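Input: a single structure, listed below in structure tokens.
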Amino acid sequence: MPDVFTTQELAASDTDGAASASAGGRGRPVPGRRRGTRIPARLQITGWLAAVMAAGLASVVLLVVEFEYRAIDDRVNAALAQDAEEFRRFAEAGLDPATGEPVTDPADLFYRHLSSQYPDDAEIMLGIRNAAGGLEAIRQADETFRDVRLSDAVLRDIVSRGDVTGTAETPAGTLRWLRVDVLPRQGGSEADAWFVSGYFVDEVRAEAGATVRTLIIVSAVALVLAAGVSWLVAGQILAPVNTVRKAAGRLTEADLTRRIRVEGRDDVAALAEQFNAMLDRLEGAFDTRRQFLDDAGHELRTPITIVRGHLELMGDDPAERAEVVRLCTDELDRMARIVDDLLLLAKAEQPDFVHPAWTSVPELTSDIDAKVRAIAPRSWTLEAVGEGDARVDAQRITQAVVQLAQNAAGHTTEGAVIRIGSAVTVETVSFWVSDTGPGLAPGDEQRIFDRFVRGGAGARDGTGAGLGLAIVKAIADAHHGQVRVMSTPGQGATFGFELPRQGGDR
């Protein structure tokens, strides 16, 4: 069973292998610069998430600041307008309780109105009138009310402006004010007294600033926590990818058995499955190559030794030279057959080894029967013909049955009976070859289809490398079928294979 990588095992590795790209051969680097960044993917994911969240939090803070300060401006303006409107109504209906007559003295009007007002902490109300020494500011007499001394220059700036509202800089901060001009009762056109309602906006904005600072601190903490969580989550998500990378780095041609443990059903699990499937194909390709080299080295060593020995001992006699050439040619022909068979077995591991198509079994059986009769002078008999169609590779099936027929001919004498046949059921299609030779030795049934295995009885002509039945098995395996053998020592043997009638994908 292949080994399975776990994340913990791979993390314990001190060094990660690196697969170098090559073009046109091992060790030749791909031209051009490598694109991309050296920043780890985990850090990139965390950075992007943190940047997006920081942008979102910054947008929220800016919106809150905008809403807060706009709400403060609206509240201040509304308070100033309310104070001005209340003074206008009082001034229009203001009566002296002692006489019942309207109040005509601006100072008296201011005192009476201010005594009934309860301004906010940041709010100030005052009356301003012309006096002999300049402008006089009339404030609320109660000490609990805010008493801010405004300079004469500030007072003159307020009453002299053409606009009835504005701002002024005072020792207590910026003052936003709204002015109501008080005209004389005698019908004069120019005001000589003014009612002023003001708000120290710095104080109310300070409260909003504290709220914004708290929001910024909370956002910063949330951003740090989100970055930490993103780092952990990104690590969890990328852990299988990192496992794949480390697994690829530790794989070598000598060890392709390790696999990645697949957990879950997400895209990363699908990546691990595909990577394992790739390793399966790669391991199969290396096993095929290794098997081919081992088999070639094992079987070609003997004929090469024979050829070399005859050539080294060859004398000058023409007859002897001709005999040596004949022997060497025969061994070279046998080597060529072995190489062809090994190449065929190596190709059997490829997905395109067979090309199944719907084939008429009676026609295929008849063609095979006609071809095997030319193999050797035997009493060939068509024992049975299956009726129906099957999804098989007709050429490979013919190759397999002809190989079984050659094997039967090699174990029988001239004129011996050899029977071939086919059968079709609902789910399977079968082909077989029966001979009347010596049969298999006890125990050979389990290994006769392996490479370079010859039956204990052996071929009568002594030829063959023991690859014929291995080729038959490879063709059956490529069709998702299985080979069968029935034999009784001294009474012949029956070799065949059974395939799914509907075929199948490799």
Side-chain angles (χ1 to χ4, degrees), residues 273-274 276-293 295-296 336-375 382 384-408 420-433 448-451 464-485 495-506:
E273 291 179 352
Q274 293 297 323
N276 288 340
M278 180 195 69
L279 290 181
D280 291 339
R281 295 191 296 271
L282 189 62
E283 183 181 11
F286 274 99
D287 288 343
T288 300
R289 189 187 73 169
R290 188 181 299 110
Q291 184 69 41
F292 177 84
L293 295 176
D295 293 343
R337 289 195 302 272
I338 293 175
V339 171
D340 290 341
D341 290 343
L342 289 176
L343 290 175
L344 179 62
L345 289 173
K347 188 177 180 182
E349 303 293 335
Q350 304 301 317
D352 60 346
F353 178 61
V354 295
H355 301 278
W358 285 104
T359 305
S360 172
V361 176
E363 292 183 7
L364 179 58
T365 305
S366 178
D367 292 343
I368 294 174
D369 177 61
K371 293 175 181 179
V372 299
R373 293 179 183 274
I375 293 177
L382 184 58
V385 178
E387 295 294 335
D389 296 338
R391 191 170 182 270
V392 296
D393 187 331
Q395 293 184 356
R396 293 299 184 191
I397 296 301
T398 301
Q399 182 180 11
V401 178
V402 169
Q403 186 64 58
L404 293 178
Q406 289 177 338
N407 183 70
I420 67 171
S422 64
V424 177
T425 66
V426 176
E427 297 181 353
T428 62
V429 57
S430 304
F431 296 88
W432 68 85
V433 175
I448 194 63
F449 288 99
D450 294 339
R451 299 183 183 189
L467 293 174
L469 294 181
I471 293 175
V472 174
K473 184 178 184 300
I475 294 174
D477 291 341
H479 284 84
H480 301 281
Q482 54 185 347
V483 292
R484 300 182 183 276
V485 59
F495 290 85
F497 49 88
E498 184 178 81
L499 314 175
R501 187 177 179 183
Q502 300 290 331
D505 298 328
R506 288 179 64 84

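Note that this is a predicted model, so its numbers are computed, not measured.
Residues P362 and G386 approach most closely at CG-O, 3.1 Å, considering heavy atoms. Of all heavy-atom pairs between A405 and V372, the closest is CB-CG1, 3.7 Å. Smallest separation of non-hydrogen atoms from V361 and D389: CG2-C, 4.2 Å. Nearest approach of V483 to A476, heavy atoms of both residues: CG1-CB, 3.9 Å.
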Evaluate L469 against F495 for side-chain contact (heavy atoms from CB on, under 4.5 Å), listing each step before the verdict. CA-CA 9 Å; L469 294 181; F495 290 85; 3.8 Å; yes

H479 vs V354, side-chain contact (heavy atoms from CB on, under 4.5 Å): CA-CA, chis, key distance, verdict: CA-CA 8 Å; H479 284 84; V354 295; 3.6 Å; yes

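Under the 4.5 Å side-chain criterion, counting only non-hydrogen atoms from C-beta, R501 is in contact with V424. Looking only at side-chain heavy atoms (C-beta outward), F449 and V485 come within less than 4.5 Å of each other. Between R391 and Q502, the closest side-chain pair of non-hydrogen atoms is not below 4.5 Å. In this structure, L404 and F431 have side chains that are not in contact, with every pair of non-hydrogen atoms separated by 4.5 Å or more. Using a 4.5 Å heavy-atom threshold, the side chains of W358 and V392 count as separate.
Between D367 and K371 no salt bridge is recorded (no basic side-chain N to carboxylate O distance below 4.0 Å).
E363 CD: 12 or fewer foreign heavy atoms inside a 6.0 Å radius.
A distance of 9.5 Å separates CD of E427 from CD of E498, quoted to the nearest 0.5 Å. With rounding to the nearest 0.5 Å, the separation of CD1 in I397 from CZ in F497 is 4.5 Å. Note that CG of N407 is 11.5 Å distant from CD1 of I471, once rounded to the nearest 0.5 Å. Interatomic distance, OG of S422 versus CG of L382, reported as 7.0 Å (0.5 Å rounding). To the nearest 0.5 angstrom, R396 atom CZ is 4.0 Å from F353 atom CZ. Rounded to the nearest 0.5 angstrom, I448 CD1 and K473 NZ are separated by 13.0 Å.
For the side chain to side chain contact (heavy atoms under 4.5 Å, CB included) test with Q403, the passing option among I475, V472, V433 is V472; the others fail.
A donor-acceptor pair under 3.5 Å is absent between the side-chain atoms of S366 and the main chain of L364, judged by distance alone.
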